[in-house]
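All values below come from the heavy atoms of this structure, side chains included, with hydrogens, waters and symmetry mates left out.
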Amino acid sequence: MQLGARRMTNARDTVYRAVLDRLTHGHYRDGSPLLPQQLSDEFNVSRTPVREALALLEQDGLLLSGKRGFEVRPRSDQEILDIFETRAILESSAAYAAATRATPIDLARLQDLHDRSQATDDPAEIRRVFNHFHDAVRNAAHNRTITALLRTIEAQVKVSAPWTTPGGAREFGPSYAEHAAILDAIRSGDAASARTASLTHSAHDRDTRVSQLIVRMAEDLTAPDSTAAGFLDRQRG
């Protein structure tokens, strides 16, 4: 690869990672468009790598291109539930594979992360370690395809139904137990139990995030036929 092309690729990847981080942390939740020229000025690069980065994020299912630029991709109620279902299938497959493929190093890493999550009372830190625990399970599966697909799906989850960290460490009690069940099944090589434990944990996370999403959407509710109202009606049915 020539030097100029390599610099262009590096610039694209830098913009991609930065915008992805912003998307998954709710930076563009106010509905403002992502304008290539503004990002070009901000990152001090030409518009070509910016447009390439935004196009990749569109391929990831996070953005939509429009007349003014790009915007966060809106999701219907069913699409959000579909994303959670897909993630649960992939996560449980990773746990199943980890139970048959995890190395002693993988197991030690999982145990360390599980212990660290219980050694702090900081909810934000607990959430961060939990994320690393899930990454470690995926890595222990030693299946790059599952890992790559989960990376994309997880970004869609964070953008569509971002997690709101609860006010105290005690709120994480169920997650501690669910992580322990996943870890025990992986350590014992019980693939079926690892899959079941992972599905249970995914269902709990889905229900928590959806509840938070409904509350947030209800707070912003301005019309009776909005997406939030439709979601609430279907949940009542």
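No side-chain heavy atom of Tyr176 sits under 4.5 Å from any side-chain heavy atom of His179. The shortest side-chain heavy-atom distance between Leu23 and Val19 falls under the 4.5 Å cut-off. Looking at heavy atoms from C-beta onward, Ser117 lies out of side-chain contact with Phe133 at the 4.5 angstrom threshold. In this structure, Gln118 and Phe172 have side chains that are not in contact, with every pair of non-hydrogen atoms separated by 4.5 Å or more. The shortest side-chain heavy-atom distance between His201 and His134 falls under the 4.5 Å cut-off.
No side-chain donor-acceptor contact under 3.5 Å links Ser193 to the backbone of Asp190. At distances below 3.5 Å, at least one donor-acceptor pair connects side-chain atoms of His25 with backbone N or O atoms of Asp21. The main-chain N or O of Ala194 is never found under 3.5 Å from a side-chain atom of Ser198 such that the two would form a donor-acceptor pair.
Ionic pairing of Glu79 and Arg73 is present here: one or more N-O contacts between side-chain nitrogen and carboxylate oxygen are shorter than 4.0 angstrom. A salt bridge is absent between Glu85 and Arg206; no separation between the charged side-chain nitrogens and carboxylate oxygens falls under 4.0 Å. We find that Arg151 and Glu154 are not joined by a salt bridge, their nearest charged nitrogen and carboxylate oxygen being 4.0 Å or further apart.
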**Request:** Take Arg12 and Leu56, measure what side chain to side chain contact (heavy atoms under 4.5 Å, CB included) needs, and give me the verdict at the end.
**Result:** CA-CA 9 Å; Arg12 180 201 66 195; Leu56 289 175; 3.8 Å; yes
**Message:** Apply side chain to side chain contact (heavy atoms under 4.5 Å, CB included) to residues Leu107 and Thr103 and explain how you reach the verdict.
**Reply:** CA-CA 6 Å; Leu107 295 175; Thr103 67; over 6 Å; no
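Of all the heavy atoms in Ile182 and Ala197, the pair that sits closest is CG1-CB, 3.7 Å. The two residues Ser202 and Arg87 make their nearest non-hydrogen contact at O-NH2, 4.4 Å. Of all non-hydrogen atoms in Pro36 and Arg47, the two that sit nearest each other are O-CG, 4.1 Å. Arg138 and Thr147 make their closest contact through O-OG1, 3.7 Å (heavy atoms, listed as atom of the first residue, atom of the second, distance). For Phe130 against Ser175, the heavy-atom pair with the smallest separation is CE2-CB, 3.5 Å. Closest approach of Leu113 to Ala136, counting heavy atoms only: CD1-CB, 3.8 Å.
One hydrophobic cluster, built from ILVMFWY side chains closer than 4.5 Å, cannot hold both Leu199 and Ile153; they sit in different ones. Both Val15 and Tyr28 are members of a single hydrophobic cluster when ILVMFWY side chains are connected at heavy-atom separations under 4.5 Å. Using a 4.5 Å cut-off between side-chain heavy atoms of Ile, Leu, Val, Met, Phe, Trp and Tyr, with links allowed through other members, Phe43 and Leu34 fall into the same hydrophobic cluster. In this structure, Val157 is a member of the same hydrophobic cluster as Leu149, with clusters built from ILVMFWY side-chain heavy atoms closer than 4.5 Å. Hydrophobic clustering (side-chain heavy atoms under 4.5 Å, transitive across Ile, Leu, Val, Met, Phe, Trp, Tyr) groups Ile83 together with Ile80.
The number of heavy-atom neighbours closer than 6.0 Å to CG of Asp115, taken from other residues, nucleotides and ligands shown, is above 12.
Among residues two or more places apart in sequence or in another chain, the side chain to side chain donor-acceptor pair (under 3.5 Å) test is passed with Asn139 by none. For Arg209, the side chain to side chain donor-acceptor pair (under 3.5 Å) criterion is met by Asp205, not counting sequence neighbours.
Here the CG-CG distance, from Leu20 to Asp13, works out to 11.5 Å after rounding to the nearest 0.5 Å. Taken from CG in Leu150 to CG in Leu90, the straight-line distance is 4.5 Å, to the nearest 0.5 Å. Between Thr208 atom OG1 and Leu213 atom CG the span is 12.5 Å, to the nearest 0.5 Å. For the atom pair CZ of Phe84 and CD1 of Ile89, the computed distance is 14.0 Å after rounding to the nearest 0.5 Å. One distance of note links OG of Ser93 with CD1 of Ile146; it measures 5.0 Å at 0.5 Å rounding. The CG atom of Leu39 sits 6.0 Å away from atom CG of Leu54, with the distance rounded to the nearest 0.5 Å.
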Sequence neighbours excluded and cut-off under 3.5 Å, please list the side-chain donor-acceptor pairs for residues 60-70, or say none.
from  : atom 1 : to    : atom 2 : distance (Å)
Asp60 : OD2    : Tyr16 : OH     : 2.4
Ser65 : OG     : Glu58 : OE2    : 3.3

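Looking at Asp106 and His142, their side chains do bring a donor and an acceptor atom within 3.5 Å of each other. Under the 3.5 Å distance criterion, with hydrogens and angles disregarded, a donor-acceptor pair is assigned to the side chains of His132 and Arg128.
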